[in-house]
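In what follows, chains carry the letters A, B, and so on, assigned in the order in which the sequence lines appear, proteins first and then strands, with residues in each chain numbered from 1. Just so it is clear, the structure is predicted and the values come from calculations on it, not from any experiment.
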Amino acid sequence: MPELPEIETVRLQLTKVLPGRRVEWVKVLNSKIVEGDLKKIVGLKVEDIRRRAKVLLIDLEKDLTLAFHFKMTGQLVLDYDDQGKTYKDRIVGGHPTEDFVGTLPSAHTRVIFKLDQGTLYFNDQRLFGWVRVGTKASIANEKFLQKLGPEPFEMATEEFAERVSKSRRPIKLVLMDQEVISGLGNIYANDALWEAKINPQTPSNKLTDKQLKLLFSKVKLVLEEGIKYGGATAADAKYIDLRGLGGHYQDHFRVYDQTGLPCHRCKTRIKKDYMSGRGTYYCPKCQS
DNA sequence: TTAAATGTTTAAAT
DNA sequence: CATTTAAACATTTA
């Protein structure tokens, strides 16, 4: 599920309660998604929680780091008081499913981290995600993190323009290319292009300086808004209002998942095509 | 029954 | 070599 804003939302939530907690034990329910020996972190205290692109990083004592990638359906649920078993005692983030509010561990729980206070569950129904453990440096040096392009909020406009305009590929695919700019996925790429009035098929090297500059500002705008609203919880509105958890960016989608609805600018119906197998939403009039 | 889903990797085709 | 598309991963839901 998650893109940069959804992971950032989880990070902000966990930062409130996780630092200082000690790991009592770890139980791996599906070893397929785990790399490294999670036993290494037993007895260690959580020090910091970071994010790089769509990867959540939990730093512990002894210079160790846990790295989580949620891919399409990963989620973290922290039952922070061990009060048990209702959503009232939980922090949830990631792909919204009934696991947020049901009994844990669930059928999709892959790893359980028992803390001195609270329990953290990593759930992932499709098993695309992963959890890795290693020294801070070894995690940072892994191929996946190594290849990532700059963070949108740490990149200069000129750098964005230079990296993006180097490619002849369609701009939407370039925005989603984590080696060019990291953190954008299908929702925010679609929405940023609508904001900038650029057709998703436009070859990146055909964009004018003006368009590149505008696009970069819109990229940051939609990401900021995603973070402001706590990320997107997709169409599963049933999980949104329990505690105000799960995020509300879906109420602010520009074009993503808006097929057939009127464009907010010109009322033309939003169209859906496919690019590289991914749903691509745009206004055929103002993004022509 | 078929299609699609907020992601990434790999192989195969252009 | 650059680029593109499709398939793969595994599961659920419309």
What's the NZ-C1' distance between A:K172 and B:dG7, to the nearest Å?
12 Å
Specify the separation, in whole Å, of atom CD of A:E179 and atom C1' of B:dT8.
10 Å
With a 3.5 Å cut-off and heavy atoms only, can you find an N or O donor on one side and an acceptor on the other between the side chain of A:R126 and the base of B:dA5?
yes
Can you tell me which nucleotide in C:dT12, B:dT10, B:dG7 comes closest to the side chain of A:H69?
B:dG7
Single-linkage hydrophobic cluster, 4.5 Å side-chain cutoff, A:Y229 and A:V222 together
yes
So does A:T73 get a backbone contact from the side chain of A:Q125, meaning a donor-acceptor N/O pair under 3.5 Å?
no
C1' atom, C:dC1 versus B:dT8: distance in rounded Å?
23 Å
When all nucleic acid strands are considered with a 4.0 Å heavy-atom cut-off, which category describes A:Y281: base, sugar-phosphate, or nothing?
sugar-phosphate
State which of B:dA4, C:dT11, C:dT3 makes the closest approach to the side chain of A:H108.
C:dT11
Would you mind telling me which of B:dA4, B:dT9, C:dT3 lies closest to the side-chain atoms of A:F144?
B:dT9
Of the candidates C:dT11, B:dA5, C:dC9, the side chain of A:L127 sits closest to C:dT11
Spacing of A:K71 atom NZ relative to C:dA8 atom C1', expressed in whole Å:
11 Å
Between C:dA2 and A:R169, is there an OP1 or OP2 to side-chain N/O distance shorter than 4.0 Å?
no
If you look at every strand shown and take non-hydrogen atoms under 4.0 Å, does A:K32 touch a base, only sugar-phosphate, or nothing?
sugar-phosphate
Classify the ring geometry between A:F70 and A:F122 as parallel (under 30°), tilted (30 to 60°) or perpendicular (over 60°).
perpendicular
Would you kindly give the NE2-to-C1' distance between A:H95 and C:dA10, to the nearest whole Å?
12 Å
Nearest to the side chain of A:N186, which nucleotide is it out of B:dA4, C:dT4, B:dG7?
B:dG7
Decide, applying a 5.5 Å centre-distance limit and a 30° plane-angle limit (both strict), whether A:F128 stacks on B:dG7.
yes
Separation of C:dT12 atom C1' from A:D124 atom CG, nearest Å, is 12 Å
I need the NZ-P distance between A:K54 and B:dT9, as an integer number of Å.
10 Å
From C:dT12, C:dA10, B:dG7, pick the nucleotide closest to the side chain of A:Q125?
C:dT12
Please tell me which of A:G277 and A:R168 maps to the more 5' nucleotide of DNA chain C, matching each residue to the nucleotide holding its nearest heavy atom.
A:R168
Among the nucleotides B:dA4, C:dA10, B:dT10, which one has an atom lying closest to any side-chain atom of A:K143?
B:dT10
ILVMFWY cluster, A:L173 and A:L175 together (side-chain gap under 4.5 Å):
no
Look at A:R278 and B:dA5 and indicate whether a side-chain polar atom (N or O) is within less than 4.0 Å of OP1 or OP2.
no
A:K147 NZ to B:dG7 C1', in whole Å, measures 14 Å
Just N and O in the side chain of A:Y274: are any of them under 4.0 Å from OP1 or OP2 of B:dA4?
yes
Figure out the CG/C1' separation between A:L173 and B:dT9, and round it to whole Å.
16 Å
State the pairing partner of C:dT5; accept Watson-Crick or G-U wobble contacts with both distances under 3.5 Å, and report none otherwise.
B:dA11
Specify whether A:W194 and A:H264 have parallel, tilted or perpendicular ring planes, treating 30° as the upper limit for parallel and 60° as the lower limit for perpendicular.
perpendicular
Qualifying residue, where the test is side-chain contact (heavy atoms from CB on, under 4.5 Å) with A:I270 and the options are A:C263, A:P262, A:P284:
A:C263
